[in-house]
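We're numbering straight along the sequence, starting at 1.
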Amino acid sequence: MAFGIDTLAALNDPNFNWANFKQWKGEWPQFVARYFGGNEDATFGEFAAFKTTTGGKCHYVVPAQASVVSNQQMTGNAGLSQGATDAATTIKNLNYFIQSGDLKIPPSNEVYVYLDVEENTDLSASYWAGWANAIFTATDPSGLAAFWPAMYSPMTADSSGLYRPHKVVRDALNSACSAAPSSYDVQCYGIWASQPEDVPASCVPSAGPDWSVFAKFSQDLCGTEVAVPVLLYQYIEGCFCVADGYTDFAGLSNSSKFMPCGTTYYPNNNLDLDGSDTTGAETYMLLIG
């Protein structure tokens, strides 16, 4: 099982000491998640720099589109159109990095692109349908249809204590088929779970995280049930560690109590795990060139 990070910071930002990650976790991250759309964009050159910083250990990039709540809540034809427009922007940005050689399509020829759906977002079926179809039908610079729609989703515990996507997310996914033209592909191919987050006193990841906390979830595609696996798990939110007075993997320590999470000086930095399936979620990540 591999470890990775997701961050709002440019990976070559000189204010961050990524070497602390190795001291904190005992190994370099193997993957990193960054935004390529939604008003939060990666910058050219940061991935090659980060691969060098980690001694070539960080090979993979999880592409995501940042949350724009007002867009994601649009309904009807407006939602379909906005979802498609946002997806097109994200793919355009991804293809810029691929065309330049900073990133590459993996051998699987499948890249999962995650839509960031945050807490308290009333995600509409129409927006998801427009977004997912545009991602699925997009091509990389070589003409390969390599992109697959997936979702970073808020999770909630059911009566049994198992975690599944929030009801509003489940409803949007299950209604997307009927909300879109019949030609649309609205399937969600994987979930990146935002909860539950483990925050032990030392903020050091415990061994053997429990993947059995996730309930099985299937998407209803007009009467056909399709399993949507949890592929990534946001396991620890770095902000919490700093708030407790511990140095996090970005090199920020006690003094960072005065810099709230999400500020210019302290962008959110979180620890993620790949899935527990036989291939690993890296199969569906971009490669750093």
Side-chain angles (χ1 to χ4, degrees), residues 2-22 24-25 27-67 87-116 135 138-142 144 146-150 152 190 192 231-232 234 238 248-252 264 266-275 279-289:
F3 287 84
I5 58 173
D6 66 88
T7 177
L8 293 177
L11 302 176
N12 53 359
D13 188 325
N15 292 319
F16 288 79
N17 178 12
W18 295 111
N20 276 10
F21 184 96
K22 189 173 184 180
W24 183 66
K25 174 62 185 69
E27 60 186 89
W28 288 111
Q30 293 185 30
F31 63 88
V32 61
R34 291 284 280 132
Y35 288 134
F36 292 83
N39 302 327
E40 298 281 353
D41 296 327
T43 57
F44 180 73
E46 65 173 280
F47 299 108
F50 194 50
K51 186 175 181 180
T52 299
T53 296
T54 61
K57 298 296 184 181
C58 187
H59 300 287
Y60 306 100
V61 173
V62 179
Q65 178 184 302
S67 169
T89 298
T90 296
I91 294 298
K92 179 181 178 181
N93 293 337
L94 278 174
N95 279 339
Y96 167 77
F97 284 87
I98 296 169
Q99 184 74 53
S100 67
D102 216 30
L103 298 174
K104 298 187 296 186
I105 299 293
S108 67
N109 291 329
E110 298 180 20
V111 177
Y112 283 27
V113 182
Y114 292 83
L115 176 67
D116 178 357
I135 293 292
T139 59
D140 75 351
S142 71
L144 180 68
F147 304 112
W148 301 69
Y152 170 89
W192 173 5
L231 296 174
L232 292 171
Q234 190 178 77
D248 87 334
F249 55 79
L252 301 173
T264 300
Y266 187 74
N268 292 342
N269 303 283
N270 307 310
L271 181 71
D272 300 278
L273 308 175
D274 78 343
T279 57
E282 291 92 343
T283 303
Y284 314 113
M285 297 179 189
L286 286 161
L287 295 174
I288 299 177

Under 3.5 Å, is there a donor-acceptor pair linking the side chains of Asp41 and Tyr35?
no

Passes side-chain contact (heavy atoms from CB on, under 4.5 Å), Asp140 versus Phe147? Steps please.
CA-CA 8 Å; Asp140 75 351; Phe147 304 112; 4.1 Å; yes

Decide, yes or no, whether a salt bridge links Arg34 with Glu46 under the criterion of side-chain N to carboxylate O below 4.0 Å.
yes

List the steps, then state whether side-chain contact (heavy atoms from CB on, under 4.5 Å) holds for Leu94 with Leu286.
CA-CA 10 Å; Leu94 278 174; Leu286 286 161; 3.6 Å; yes

The single option from Trp192, Tyr114, Tyr112 passing ring pair (Phe, Tyr, Trp, His ring centres under 6.0 Å) against Tyr284:
Tyr112

Where is the tightest heavy-atom contact between Ala281 and Leu231, given as atom of each residue plus distance?
CB-O, 3.5 Å

For the student: nearest non-hydrogen atoms of Pro149 and Ile135, plus distance:
N-CG2, 3.7 Å

Show your working on side-chain contact (heavy atoms from CB on, under 4.5 Å) between Phe3 and Gln30 and close with a plain yes or no.
CA-CA 6 Å; Phe3 287 84; Gln30 293 185 30; over 6 Å; no

Test item: Asp272 side-chain N/O and Asp6 main-chain N/O as donor-acceptor pair under 3.5 Å:
yes

What side-chain donor-acceptor pairs closer than 3.5 Å can you find for residues 58-66, not counting sequence neighbours?
residue : atom : partner : partner atom : Å
His59   : ND1  : Gly56   : O            : 3.3
His59   : NE2  : Gly56   : O            : 3.0
Gln65   : OE1  : Thr90   : OG1          : 2.8
Gln65   : OE1  : Trp131  : NE1          : 2.8
Gln65   : NE2  : Tyr127  : OH           : 3.1

Pro106 and Leu287: which non-hydrogen atoms are nearest, and at how many Å?
CA-CD1, 3.9 Å

Reported OG1-to-CG distance for the pair Thr139 and Asn95, which is rounded to 0.5 angstrom:
6.5 Å

Should Asp102 and Ser100 be marked as a side chain to side chain donor-acceptor pair (under 3.5 Å) after you check the CA-CA gap, both sets of side-chain angles, and the distance that decides it?
CA-CA 6 Å; Asp102 216 30; Ser100 67; 5.4 Å; no

Nearest 0.5 Å please: distance from the CE atom of Met285 over to the CD1 atom of Ile105.
14.0 Å

For Asn12 and Phe47, run side-chain contact (heavy atoms from CB on, under 4.5 Å): C-alpha distance rounded to whole Å, both residues' side-chain angles, the deciding distance at 0.1 Å, then the answer.
CA-CA 8 Å; Asn12 53 359; Phe47 299 108; over 6 Å; no

For Ile288 and Leu103 the tightest heavy-atom approach is CA-CD2, 4.0 Å

Are the aromatic ring centres of Phe36 and Phe97 under 6.0 angstrom apart?
yes

Rounded at 0.5 Å granularity, tell me how far CZ in Phe44 sits from OH in Tyr96.
5.5 Å

